[in-house]
Amino acid sequence: MKRQYIVGIDLGTSNTVVAYAAPGKQQVRLFAIEQLVGPGQVAARPMLPSVRYHPAIGEINPGDRQLPWSVSEGETSPITGQLALDLGAQVPGRLVASAKSWLSHAAVDRLAPILPWGADDTVHKVSPVVASASYLAHVRAAWLHRFPQAPLEQQQLVLTVPASFDEGARALTLAAARQAGLANLRLLEEPQAAFYDWLFRHQQRLADELAA
């Protein structure tokens with residue numbers, strides 16, 4: 001199978017960012033991720049806030065949460081991205097945030113439904129793994145909408161992780177990716193990714209940059 005793109009995903013604590021390039025090409029492009037930015041408003045943004053909002057019954061009109069691709073139509077199904085961030089600012093107890101940090105929190109059961117942390121029993125909860133998977137699933141759906149002939153799971157994928165992640169956190173990150181339908185990818189530590197980016201940006205003047 002010929003892979004049309006090399007895709008890098010930064011599943012961040014606050015935001016998720018995606019960049020891509022055709023193999024052998026020098027141009028690296030940022031993938032603008034379509035998401036709800038207001039009730040009934042969809043826009044492609046360079047970052048997808050890594051949050052999800054769990055609305056109450058009747059809180060959000062089904063017509064105000066429609067994305068360009070098919071999603072769960074339940075009235076309490078989560079909202080991901082900018083609109084989720086805005087709604088969570090008004091009702092923090094329904095916002096799942098910092099799932100990436102929870103993945104490395106060995107003092108809690110990271111496979112248990114614990115988020116939103118501290119929410120009462122009326123709020124639907126998910127595990128840090130499920131939350132992380134939902135952000136990757138959103139990216140996968142947005143990519144397929146833009147590139148229907150090149151599904152994300154068929155591309156060469158790199159997912160960055162903090163250097164501080166232990167084997168457990170790395171395994172849970174891979175589990176989240178598999179849950180999102182992205183089973184074949186490579187984990188890359190963020191400092192190494194930053195170094196590769198620096199090399200790429202300075203490739204024409206490396207000798208001068210490293211002369212000292």
Side-chain angles (χ1 to χ4, degrees), residues 1-5 7-12 14-20 29-88 90-91 94-97 99-100 111 113 115-116 123-159 173-185:
M1 177 182 63
K2 183 179 179 181
R3 294 174 176 174
Q4 296 175 251
Y5 300 103
V7 184
I9 303 173
D10 177 14
L11 179 61
S14 300
N15 295 286
T16 295
V17 179
V18 181
Y20 66 101
R29 298 176 178 174
L30 198 62
F31 177 67
I33 305 170
E34 289 191 276
Q35 58 195 281
L36 287 166
V37 297
Q41 300 177 345
V42 176
R45 296 282 176 85
M47 296 187 295
L48 175 76
S50 302
V51 295
R52 47 186 277 163
Y53 182 80
H54 295 179
I57 295 176
E59 182 179 355
I60 307 294
N61 188 313
D64 288 338
R65 52 190 305 158
Q66 184 62 49
L67 287 163
W69 53 87
S70 177
V71 295
S72 171
E73 296 182 357
E75 62 179 324
T76 59
S77 59
I79 295 171
T80 301
Q82 185 60 51
L83 178 58
L85 189 64
D86 294 342
L87 292 171
Q90 302 171 39
V91 189
R94 292 186 172 275
L95 185 72
V96 174
K100 180 178 179 179
L111 293 173
L115 302 177
V123 179
H124 175 65
K125 297 184 181 65
V126 294
S127 71
V129 171
V130 168
S132 299
S134 68
Y135 310 144
L136 292 173
H138 184 108
V139 168
R140 181 189 177 199
W143 177 278
L144 184 63
H145 179 70
R146 182 88 54 83
F147 300 114
Q149 304 304 318
L152 188 58
E153 62 271 20
Q154 296 178 12
Q155 309 312 306
Q156 184 175 338
L157 301 179
V158 176
L159 179 63
T173 301
L174 289 173
R178 286 194 299 271
Q179 195 172 125
L182 305 175
N184 298 311
L185 53 76

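Residues satisfying the side chain to side chain contact (heavy atoms under 4.5 Å, CB included) test with Ala97, not counting sequence neighbours, are Val51, Leu95. By the salt bridge (Lys or Arg N to Asp or Glu O under 4.0 Å) test, Arg94 is found to be paired with no residue, residues two or more places apart in sequence or in another chain being considered. Take Thr173 and apply the side chain to side chain donor-acceptor pair (under 3.5 Å) test, not counting sequence neighbours, and it matches no residue. Legend: residues meeting side chain to side chain donor-acceptor pair (under 3.5 Å) with Ser50, ordered by chain and number and at least two apart, are Thr16. Applying the side chain to side chain contact (heavy atoms under 4.5 Å, CB included) test to Val130 and every residue at least two apart in sequence or in another chain returns Arg52, Val126, Ser127, Gln179. With sequence neighbours excluded, the residues satisfying side chain to side chain contact (heavy atoms under 4.5 Å, CB included) with Ala176 are Val129, Ser132, Ala133. Applying the side chain to side chain donor-acceptor pair (under 3.5 Å) rule to Arg29 yields the partners Gln27; only residues at least two apart in sequence or on another chain are considered.
Residue pairs satisfying the salt bridge (charged side-chain N to carboxylate O under 4.0 Å, His left out) criterion with at least one member in residues 127-136, sequence neighbours excluded, are absent. Listed by first and then second residue, the salt bridge (charged side-chain N to carboxylate O under 4.0 Å, His left out) pairs that reach into residues 174-183 come to none, sequence neighbours excluded. The salt bridge (charged side-chain N to carboxylate O under 4.0 Å, His left out) contacts involving residues 131-141 comprise Arg140-Glu153, where partners must be two or more places apart or lie in separate chains.
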Give the C-alpha distance, both sets of side-chain angles, the deciding distance and a yes or no for side chain to side chain contact (heavy atoms under 4.5 Å, CB included) between Tyr53 and Glu59. CA-CA 11 Å; Tyr53 182 80; Glu59 182 179 355; 2.5 Å; yes
Would Gln154 and Arg3 count as a side chain to side chain contact (heavy atoms under 4.5 Å, CB included) if you check the C-alpha gap in whole Å, the side-chain angles of each, and the deciding distance to 0.1 Å? CA-CA 6 Å; Gln154 296 178 12; Arg3 294 174 176 174; 5.9 Å; no
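The minimum heavy-atom distance between Pro46 and Val17, with the atom names listed, is O-CG1, 4.0 Å. Between Trp143 and Ala150, the closest heavy-atom pair is NE1-O, 2.7 Å. Summarising the geometry of Ala180 relative to Leu136, their closest heavy-atom pair is CB-CB, 3.7 Å, with the distance given to 0.1 Å. Between Asn15 and Pro49, the shortest heavy-atom distance links the atoms OD1-CA, 3.4 Å.
Taking CD1 of Ile9 as the reference point, atom OH of Tyr20 lies at 13.5 Å (rounded to 0.5 Å). Atom CG of Asp10 and atom CG of Leu48 lie 11.5 Å apart (nearest 0.5 Å). Within the model, atoms CD1 of Ile60 and CG of Leu87 stand 5.0 Å from one another, a figure rounded to the nearest 0.5 Å. Atoms CG and CG, on Leu174 and Leu182 in that order, are 11.0 Å from each other to the nearest 0.5 Å. In this structure, CD1 in Ile79 is found 10.0 Å from NE2 in His54, a value given to the nearest 0.5 Å. Note that CG of Leu152 is 5.0 Å distant from CG of Leu157, once rounded to the nearest 0.5 Å.
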Output a table of donor-acceptor pairs, distance under 3.5 Å, between side-chain atoms of residues 31-44 and any protein atom two or more places apart or on a different chain; print 'none' if there are none.
{"residue": "Gln35", "atom": "OE1", "partner": "Gln82", "partner atom": "N", "Å": "2.9"}
{"residue": "Gln35", "atom": "NE2", "partner": "Ile33", "partner atom": "O", "Å": "3.1"}
{"residue": "Gln35", "atom": "NE2", "partner": "Met47", "partner atom": "O", "Å": "3.0"}

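The environment of Asn61 atom CG is dense: over 12 non-hydrogen atoms of other residues, nucleotides or ligands sit within 6.0 angstrom.
Ring-plane geometry between Trp69 and His138 is classed as perpendicular, the angle between the planes exceeding 60 degrees on a 0 to 90 degree scale with a lower cut at 30.
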